[in-house]
Number of protein chains: 2
Amino acid sequence: MQIAIVLYPRITALDAVGPYEILQRVPNAELVFVGERRGEVRSDTGLLGLTVDRTLDEVTSPDVVLVPGGSGGFELPEGGALHTWLRAVDETSTWTASVCTGALILAAAGLLKGRRAATHWLAVEELEARGVTHVPERFVRDGKYMTSAGVSAGIDMALALAEQLSGPMTAKMIQLATEYDPHPPFDAGSPQTAPRRVRELLWARRETVMRS
Amino acid sequence: MQIAIVLYPRITALDAVGPYEILQRVPNAELVFVGERRGEVRSDTGLLGLTVDRTLDEVTSPDVVLVPGGSGGFELPEGGALHTWLRAVDETSTWTASVCTGALILAAAGLLKGRRAATHWLAVEELEARGVTHVPERFVRDGKYMTSAGVSAGIDMALALAEQLSGPMTAKMIQLATEYDPHPPFDAGSPQTAPRRVRELLWARRETVMRS
């Protein structure tokens, strides 16, 4: 079983590394970081370099493909190399997944048309403009498509994916190995629970939050 | 304000990238990834490359220093370059922090003697052998030392640190920007809540889980 996590310039690092930390622990799975060119890509902030180990050409039939979000996703050319590759590998994948605004990339590649999906709460309109029905849940499964809400939600989704790939015992062992017993010091992690002022401030800055 | 996150070979990637994703959003903070040598280090699994941008010599007085865990931490020489640097920067840091078995590194550097600290639940004995009192909480503050439980707990701790650095409004905005509203699909993330068999299986494999 091969799990391919896509990297591209200006990715949101946790979107990729959260699911990586869960899925690398699935027994008998080979996890690879794949991108257009081998070598370093920088995260959306420019502050962290992550390494692409395999080019798109070298990964032709992953069982699982996962697309993280990030401001760089908005700059990918329509019908460019990544979109073309996604359409190709989706034909044989068992699971096609995204985290955060990674759903916009899957949608731009034409893979979510008419489907239900999650994304970052600031990107809902852009997802729906692609003909996708947004579902305000932590992660959403529609057929073989698994999509999560923003950034940290990829961890929850990856545990659900680990269960699908290897059963609940494996998923629980991974959860305990990574001590994923979250206790955020505040209850401000969703637009439903965050103080109104916090939500409004972020909404007012949404172009910057999403695209830079 | 400068925040330095330490990278070393065979680090647990989420230990570093979880806190990075939170702390890079603290206003007026410069976040840097620092290590013995510039360039790529590979994660504990070997599957992910992360880039060290600054050498230890180049970062001499960070306000915040954060040490992630990882199997490579067990192989750092006692009194070697990283321990020496940690002792030096700790003299002027406002916060000295660790995630997971990063607490063992701080302890080996002599910085947690007689203090209360958190670490990965499989590493408690090793922490206490260094004269540190283990506290089974998500994260623990003792003076300027902030330490978290395993892997994913660094996200919770980083939000608390963001509050210390920039107030509760900032921390809540960061939590909402990263949609940190966790809903794990299982309740198996701590040794208290995990099924007994899951806990026992991991305990039996603890040498492998911690050191490889």
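Model, not experiment: these values are computed from the prediction. Lettering of chains follows the sequences in order, A, B, ..., and the numbering in each one begins at 1.
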Which heavy atom of [X] sits nearest to which heavy atom of [Y], and what is that distance?
{"X": "B/Y20", "Y": "A/D44", "value": "OH-OD1, 3.8 Å"}
{"X": "A/L176", "Y": "B/A194", "value": "CD2-CB, 3.7 Å"}
{"X": "B/P185", "Y": "A/A160", "value": "CG-N, 3.9 Å"}

Subject >> Test side chain to side chain contact (heavy atoms under 4.5 Å, CB included) applied to A/K172 and B/D187, B/T193, B/V198, the passing residue >> reply: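 For A/K172, the side chain to side chain contact (heavy atoms under 4.5 Å, CB included) check succeeds only for B/V198.
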
**OP:** With a 4.5 Å cut-off on heavy-atom pairs, point out which of A/L159, A/L202, A/V52 contacts chain B the most.
**Re:** A/L202

Original post:
Which one, A/R25, A/M157, A/R197, A/R42, leads in non-hydrogen pairs under 4.5 Å with chain B?
Top reply: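 Most heavy-atom pairs under 4.5 Å with chain B: A/R42.
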
First locate atom [atom1] of [X], then atom [atom2] of [Y], and finally report the distance between them rounded to the nearest 0.5 Å.
{"X": "B/D53", "Y": "A/L48", "atom1": "CG", "atom2": "CG", "value": "8.0 Å"}
{"X": "A/L201", "Y": "B/M169", "atom1": "CG", "atom2": "CE", "value": "5.0 Å"}
{"X": "B/L47", "Y": "A/T51", "atom1": "CG", "atom2": "OG1", "value": "12.0 Å"}

Original post:
Which bit of B/A13 is near chain A, if near means a heavy-atom gap under 4.5 Å: side chain, backbone, both or neither?
Top reply: both

Original post:
Non-hydrogen atoms of chain A under 4.5 Å away: do they reach the side chain of B/E179, the backbone, both or neither?
Top reply: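 Both backbone and side chain.
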
Would you say that [X] contacts [Y] through its side chain, given a criterion of any heavy-atom pair below 4.5 Å between the two side chains?
{"X": "A/S190", "Y": "B/Y180", "answer": "no"}
{"X": "A/S152", "Y": "B/P182", "answer": "no"}
{"X": "B/M173", "Y": "A/R205", "answer": "yes"}
{"X": "B/T178", "Y": "A/L14", "answer": "no"}

Which portion of [X] sits near chain B, non-hydrogen atoms under 4.5 angstrom:
{"X": "A/P191", "answer": "both"}
{"X": "A/Q175", "answer": "both"}
{"X": "A/A149", "answer": "both"}
{"X": "A/R199", "answer": "both"}
{"X": "A/I155", "answer": "side chain"}

Original post:
Does A/D156 reach the main-chain N or O of B/H183 with its side chain, forming a donor-acceptor pair under 3.5 Å?
Top reply: yes

